[in-house]
Amino acid sequence: MTIIHEPRPPFPPFTRETATQKVRMAEDAWNNRDPERVALAYTADSRWRNRAEFPVGREQIIEFLTRKWQTELEYRLIKELWAFEGNRIAVRFAYEWHNRQNEWFRSYGNENWEFDENGLMRRRYASINDLPIQASERKFHWPQGRRPDDHPGLSELGL
């Protein structure tokens, strides 16, 4: 992969509008499930905590996301802004997926993000819990890819 250091607007310090935009951009990228594309939103030396894994740098992020989306099938994600200040954003999220045995889950979590001056995320700390659900309990039914603008968010869904 070619290391690209392109700026990723919007840039900090964030306003409510730009923080909300940054959250939706991240949601859209993750819903497309392209590890290399997603990794470009992070600094080359970005540090993560995701459950019990601690990827550092874009190559490890790509490896992590590749494994993730090979096991979390039909992944659909909704993120919502929780708080922001300066170059930091806190989000809450939920995503639905199933494993190879067709067992469905809704994963809930919170993320804390820190950005550099170019709008690239240099820190991502995620805490996530998985809830087994029945297929009939699913709430995220849009076609794979970007969540439609008219689809309810987490608050509207009561999540």
Side-chain angles (χ1 to χ4, degrees), residues 1-4 8 19-84 88-115 119-159:
M1 179 181 93
T2 304
I3 300 295
I4 298 173
R8 290 287 177 135
T20 299
Q21 180 183 1
K22 201 71 153 175
V23 171
R24 183 58 193 242
M25 291 169 64
E27 175 188 315
D28 291 349
W30 281 61
N31 274 327
N32 283 317
R33 297 176 331 279
D34 179 342
E36 291 189 9
R37 178 178 163 214
V38 171
L40 293 176
Y42 300 89
T43 61
D45 61 350
S46 185
R47 294 186 168 277
W48 284 22
R49 184 193 75 227
N50 196 96
R51 300 179 194 263
E53 293 193 56
F54 299 84
V56 176
R58 288 184 177 156
E59 291 303 321
Q60 289 183 15
I61 289 169
I62 290 168
E63 291 169 10
F64 170 84
L65 292 173
T66 299
R67 282 192 325 273
K68 173 184 181 65
W69 291 322
Q70 287 173 348
T71 58
E72 295 179 356
L73 307 175
E74 293 194 56
Y75 176 95
R76 289 172 180 85
L77 166 73
I78 299 176
K79 291 183 181 280
E80 184 175 281
L81 177 66
W82 187 253
F84 66 95
R88 293 181 173 173
I89 295 175
V91 300
R92 65 188 201 95
F93 64 87
Y95 62 92
E96 294 180 348
W97 58 281
H98 69 82
N99 60 21
R100 296 209 181 277
Q101 293 75 39
N102 212 30
E103 298 167 319
W104 280 93
F105 298 86
R106 185 175 303 121
S107 299
Y108 297 95
N110 300 291
E111 292 177 317
N112 295 312
W113 300 343
E114 182 181 87
F115 294 86
L120 296 170
M121 196 182 302
R122 65 178 161 212
R123 303 276 184 271
R124 176 185 172 269
Y125 303 115
S127 297
I128 306 167
N129 299 297
D130 299 321
L131 175 68
I133 61 172
Q134 298 299 313
S136 61
E137 296 175 287
R138 293 178 53 218
K139 296 179 182 271
F140 304 173
H141 295 284
W142 66 88
Q144 294 263 232
R146 186 178 193 276
R147 175 174 55 102
D149 290 334
D150 61 350
H151 190 283
L154 295 178
S155 293
E156 294 84 6
L157 290 168
L159 300 175

Exercise. Looking at residues at least two apart in the chain, or sitting in another chain, which of them share a ring-ring contact (aromatic ring centres under 6.0 Å, His included) with Trp30?
Worked result: Trp48, Trp69
Problem set entry | Glu72: salt bridge (Lys or Arg N to Asp or Glu O under 4.0 Å) partners, not counting sequence neighbours | Lys68
Exercise. By side-chain contact (heavy atoms from CB on, under 4.5 Å), which residues pair with Arg67, not counting sequence neighbours?
Worked result: Glu53, Glu63, Phe64
Exercise. Is the side chain of Asn50 donor-acceptor paired with the backbone N or O of Ala126 at a distance under 3.5 Å, no angle test?
Worked result: no
Exercise. Applying the side chain to side chain contact (heavy atoms under 4.5 Å, CB included) test to Phe93, which of Val23, Ile128, Asn110 qualifies?
Worked result: Ile128
For this session: Locate the shortest heavy-atom distance separating Ala94 from Phe140; write the atom from each residue and the value.
Result: O-CE1, 3.4 Å
For this session: Please check if atom CZ in Arg88 has more than 12 non-hydrogen atoms from other residues, nucleotides or ligands closer than 6.0 Å.
Result: no
Problem set entry | salt bridge (charged side-chain N to carboxylate O under 4.0 Å, His left out): pairs with one or both residues in residues 125-135, sequence neighbours excluded | Arg51-Asp130
Problem set entry | Contacts of Glu80 that satisfy salt bridge (Lys or Arg N to Asp or Glu O under 4.0 Å) - sequence neighbours left out | Arg92
For this session: Run the numbers on Arg100 and Thr71 for side chain to side chain donor-acceptor pair (under 3.5 Å), then give the verdict.
Result: CA-CA 7 Å; Arg100 296 209 181 277; Thr71 58; over 6 Å; no
For this session: Answer yes or no: is there a side-chain heavy-atom contact under 4.5 Å between Arg147 and Arg76?
Result: no
Exercise. Does Gln101 offer a backbone N or O that forms a donor-acceptor pair with the side chain of Asn99 under 3.5 Å?
Worked result: yes
Problem set entry | Distance (rounded to the nearest 0.5 Å) between Glu27 CD and Asn32 CG | 10.5 Å
For this session: Quick one: do Glu36 and Asp34 satisfy side-chain contact (heavy atoms from CB on, under 4.5 Å)? Show the steps, please.
Result: CA-CA 6 Å; Glu36 291 189 9; Asp34 179 342; 3.9 Å; yes
Exercise. Who passes salt bridge (Lys or Arg N to Asp or Glu O under 4.0 Å) against Arg37, sequence neighbours left out?
Worked result: none
Exercise. For the atom pair CG (Leu65) and CD (Gln70), what is the distance rounded to the nearest 0.5 Å?
Worked result: 11.0 Å
Exercise. Are any non-hydrogen side-chain atoms of Leu77 and Arg33 less than 4.5 angstrom apart?
Worked result: no
Problem set entry | Inter-residue atom distance Glu96.CD - Leu131.CG, 0.5 Å rounding | 10.0 Å
Problem set entry | ring-ring contact (aromatic ring centres under 6.0 Å, His included) partners of Phe105, counting only residues at least two apart | Trp97
Exercise. Crowded around Trp82 CH2? As in, over 12 foreign heavy atoms under 6.0 Å?
Worked result: no
Exercise. Ile61 and Ala39: which non-hydrogen atoms are nearest, and at how many Å?
Worked result: CG2-CB, 4.2 Å
Problem set entry | Non-hydrogen side-chain atoms of Leu159 and Ile78 separated by less than 4.5 Å | no
For this session: State which residues pass salt bridge (Lys or Arg N to Asp or Glu O under 4.0 Å) with Arg146; sequence neighbours excluded, sorted by chain then number.
Result: Asp28, Asp149
For this session: Enter the distance from Met121:CE to Asn112:CG here, rounded to the nearest 0.5 Å.
Result: 10.5 Å
For this session: Tell me, please, which residues at least two apart from Ala83 pass side-chain contact (heavy atoms from CB on, under 4.5 Å).
Result: Ala90
Problem set entry | Arg58 vs Leu40 side-chain heavy atoms within contact, under 4.5 Å | yes
Exercise. Taking side chain as C-beta onward, heavy atoms only, is Thr43 less than 4.5 Å from Ser46?
Worked result: yes
Problem set entry | side-chain hydrogen bond (donor to acceptor under 3.5 Å, both in side chains) contacts in which one or both residues fall within residues 131-144, not counting sequence neighbours | none
Exercise. With Ala26, which residues qualify under side-chain contact (heavy atoms from CB on, under 4.5 Å), at least two apart?
Worked result: Lys79, Trp113
Exercise. Which residues satisfy the side-chain contact (heavy atoms from CB on, under 4.5 Å) test with Arg47, sequence neighbours excluded?
Worked result: Val56, Arg123
For this session: Please round to the nearest 0.5 Å and tell me the distance separating atom CG of Asn129 and atom OH of Tyr108.
Result: 10.0 Å
Exercise. Are the side chains of Arg8 and Phe115 in touch, meaning some heavy atoms are under 4.5 Å apart?
Worked result: no
